[in-house]
Amino acid sequence: MLMEKLYNRVMKLLLWSAIPILFLATYFIVPQLKSQPEATLESPLIQTEESSPISTVEPVSLSVFPTTLIQGEPARITIAGLVSAAPIQSLTLDDKPLSVFVDEGRLVALVGIDPHKKPGVYPIVLTLEDGQKIEEKIEVGKRTVATEEFDIPEQLGGNTPQAEHELTSTLAQDTVILNSITTTISPERLWSGQFRLPLNGSPTVTDVYGYSRQTGSVSLMHQGTDFRASEGTSVYAMNSGKVVFSKSFRNYGNTVIIDHGLGLMTLYMHLSETDAKLGDSVEKGDLIAKSGNTGYSLGPHLHLSVRIGGFSIDPQKFLELMGSR
Ligand SMILES: [Zn+2]
């Protein structure tokens, strides 16, 4: 009997003490269960504690700098979310392929906008080997073109109808040669790091890119930047590359063209003499020529042109994008 009473008391005690335990357990555990997010089709449940570091790699995306530009300006496209170019099948701007290269650990491409490209919005499409397409847009604004009247220099016959006729016909020939050189694309990048100025010090810009020079009935777009330079001033390679032209044009005068690879070239014109020879490999800062006043030039200066994918773009904008500051 005594044992039976004792057993009953113990059981009652256990029962009463279990109630608050159960209550506390319900109070703490149920809300925790409820706080778990529910999986949906749009956002599947992710076990963040068990995620491996690889799943945190950012998605593949494109960005363009600068975001707004006008005809005849360069831009840089950066691809994020890829550790190498291996998965890339193509990168195009307005259906034309672009070269992708690694710059300071990033996958990038350079774009030169045709100075005559119709203003508007154009698609940039990155296609990966697995068929995935990533798209961005680039907006090209219209360039306001100022016109200035220019004389035909005395060394090209002065302001006569015959000199004007000769200017037009020889310029067409010069342009054919120039375009045949600047549209060949070396598959390898020959430059590295930033581009330097072609002259030492802080040269003064005497003429900007993109305005129209009216010479009689001929209208010529100034496709480069002119720097003040007295005759015989040393001209240096803006970056490493290969000399693909080193002789004289009638209108551009003595000219050196350096191919930096991937469709990027720098052109130095109206030189008094050229030191670099066709086929030479040059390093950034190598002496390549002396500035002068040859060809269609109205005084000693250095004319610099920069071409990307065959299009002559604004050298000052190029230096803002790729140059040492
Ligand atoms: Zn010029």
Side-chain angles (χ1 to χ4, degrees), residues 70-74 112 114-116 143-157 159 163-164 167-168 170-175 177-179 181-182 195-216 218-238 245-258 265-274 288-308 310-320 323:
I70 60 170
Q71 295 163 309
E73 287 189 349
D114 181 350
H116 305 293
R143 175 176 292 276
T144 310
V145 180
T147 302
E148 266 188 47
E149 293 211 359
F150 259 67
D151 291 331
I152 299 177
E154 286 305 318
Q155 67 244 40
L156 295 185
N159 284 329
E164 192 182 309
L167 175 74
T168 338
T170 54
L171 197 62
Q173 291 163 19
D174 284 3
T175 306
I177 299 167
L178 198 60
N179 289 346
I181 300 162
T182 56
F195 281 69
R196 57 156 286 164
L197 282 163
L199 300 171
N200 275 344
S202 308
T204 305
V205 171
T206 52
D207 243 341
V208 295
Y209 168 95
Y211 74 96
S212 185
R213 289 174 166 179
Q214 192 70 37
T215 306
V218 188
S219 180
L220 305 167
M221 184 187 173
H222 188 231
Q223 297 197 2
T225 300
D226 289 349
F227 294 98
R228 179 168 293 146
S230 55
E231 183 116 10
T233 304
S234 295
V235 177
Y236 303 98
M238 292 172 71
F245 189 90
S246 179
K247 55 183 174 185
S248 191
F249 284 117
R250 184 176 186 272
N251 299 290
Y252 305 122
N254 294 328
T255 299
V256 170
I257 303 176
I258 300 176
M265 295 190 195
T266 49
L267 297 80
Y268 313 78
M269 293 172 163
H270 307 302
L271 306 162
S272 61
E273 55 184 89
T274 58
I288 52 165
K290 298 277 166 55
S291 69
N293 186 31
T294 55
Y296 183 178
S297 173
L298 296 164
H301 72 286
L302 173 69
H303 171 105
L304 169 70
S305 281
V306 177
R307 290 199 172 203
I308 300 176
F311 300 122
S312 208
I313 49 110
D314 186 342
Q316 285 181 284
K317 290 286 174 185
F318 173 78
L319 281 162
E320 278 175 27

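Whatever order the structure lists ligands and atoms in, that order sets their numbers, starting from 1. Throughout, numbering of the chain's residues begins at 1 and tracks the sequence.
Note on ring orientation: taking the six-membered ring where Trp is involved, the planes of Y211 and H222 are tilted (angle from 30° to 60°).
The Zn ion (ligand 1) forms the vertex of an angle spanning NE2 of H222 and ND1 of H303; to the nearest 10 degrees it equals 100°.
Within the 3.5 Å criterion, the main-chain N or O of G253 finds a donor-acceptor partner in the side chain of T255.
H270 lies apart from the Zn ion (ligand 1) in this respect, since none of its N, O or S atoms is found at a distance under 2.8 Å.
How far CG of L304 is from NE2 of H270: 11.5 Å, rounded to the nearest 0.5 Å. In this structure, M238 CE and L267 CG are separated by 10.5 Å, a value rounded to the nearest 0.5 Å.
Among heteroatoms of the N, O or S kind in D226, OD1 lies nearest the Zn ion (ligand 1).
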